[in-house]
A.B. asks: 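Quick one: the structure is below, and I'll ask about it shortly.
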Amino acid sequence: MTTGDRPVGEDAFPEPPPGTAGRAPAIRPFLVTAGRVTGARSGPPMPVETQVVTTAAGIEALGRLAFEQHDIVALCRQPQSLAEAAARLRLHLNVVRVLAEDLQSSGQLSVYVPNTDAAQDPSVLRRVIDGLRAIPDSRGTLRDT
């Protein structure tokens with residue numbers, strides 16, 4: 001195996017080498033977005049929990065997209081939140097937000113913004129907490145506290 005080859009089954013997003021944490025990326029975020037801090041759509045920026053998923057048009061355009069846009073469209077074949085996509089791609093959250101807005105306006109991503117009223121509803125939060133407690137841990141025991 002030559003240098004740079006990945007063994008079959010190895011994670012596509014490996015951990016960075018030791019001692020590289022905190023280093024600036026080779027390309028600055030403002031270069032990726034051409035200096036823009038908002039995407040093509042108008043209105044407030046998408047919340048970090050917004051779910052994005054690739055459309056059929058996005059899959060067809062995959063070979064014609066720029067590097068970061070290609071990576072976002074390829075990753076979002078399975079629904080992802082903006083925060084998840086940024087973390088998995090190791091890109092700045094606002095870069096992913098701006099590019100996702102561009103991809104949405106060109107029809108390559110579908111965007112599902114959560115209902116903010118439901119997020120503030122105490123009964124919804126209680127159900128989420130109860131649901132998390134109902135998930136057994138690695139030993140199969142339920143969390144009851």
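Below, all heavy atoms of this structure are taken into account, side chains as well, without hydrogens, waters or symmetry copies.
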A.B. asks: Please report the shortest heavy-atom distance between Arg97 and Met46, naming the atom on each side.
C.D. replies: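 Result for this residue pair: NE-O, 2.8 Å.
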A.B. asks: Any chance you could measure Leu103, atom CG, to Ser110, atom OG, to the nearest 0.5 Å?
C.D. replies: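 Reported value, rounded in 0.5 Å steps: 11.0 Å.
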A.B. asks: Of the non-hydrogen atoms in Leu99 and Glu68, which two are nearest, and what is the gap between them?
C.D. replies: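 Between these two residues, the closest heavy atoms are CD1-CB, 3.6 Å.
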A.B. asks: Report the distance from atom OG1 of Thr50 to atom CG of Leu109, rounding to the nearest 0.5 Å.
C.D. replies: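 CG of Leu109 is found 11.5 Å from OG1 of Thr50.
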A.B. asks: Which heavy atom in Pro47 sits nearest to a heavy atom in Leu82, and how many Å separate them?
C.D. replies: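 Minimum heavy-atom separation between Pro47 and Leu82: O-CD1, 3.4 Å.
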A.B. asks: Which heavy-atom pair separates Leu93 from Ala86 by the least distance, and what is that distance?
C.D. replies: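 Nearest heavy atoms, Leu93 then Ala86: CA-CB, 3.9 Å.
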A.B. asks: Could you tell me whether the side chain of Ser81 and the main chain of Gln51 form a donor-acceptor pair under 3.5 Å?
C.D. replies: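 Side chain of Ser81 to backbone of Gln51: no pair is present.
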A.B. asks: Does Leu91 belong to the same Ile/Leu/Val/Met/Phe/Trp/Tyr cluster as Leu62, with side-chain heavy atoms less than 4.5 Å apart forming each link?
C.D. replies: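 Same hydrophobic cluster.
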A.B. asks: Between Arg77 (side chain) and Thr54 (backbone), is there a donor-acceptor pair under 3.5 Å?
C.D. replies: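 No, because the side chain of Arg77 does not come within donor-acceptor range (under 3.5 Å) of the backbone of Thr54.
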A.B. asks: With a 3.5 Å distance limit and no angle check, can you tell me whether Thr55 reaches the backbone of Gly107 through a side-chain donor-acceptor pair?
C.D. replies: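 The answer is yes, because a donor-acceptor pair under 3.5 Å joins these two groups.
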A.B. asks: Rounded to the nearest 0.5 Å, how far apart are CG of Leu75 and CD of Gln80?
C.D. replies: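 Spacing of CG (Leu75) from CD (Gln80) equals 4.5 Å.
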A.B. asks: My understanding is that only one of Val48, Ile72, Asp71 makes a side-chain contact (heavy atoms from CB on, under 4.5 Å) with Val96; could you say which?
C.D. replies: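 Exactly one option meets the side-chain contact (heavy atoms from CB on, under 4.5 Å) with Val96, and it is Ile72.
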A.B. asks: Measure across Val53 and Tyr112 and return the closest heavy-atom pair with its distance rounded to 0.1 Å.
C.D. replies: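 Closest pair (atom of Val53, atom of Tyr112, distance): CG1-CE1, 3.7 Å.
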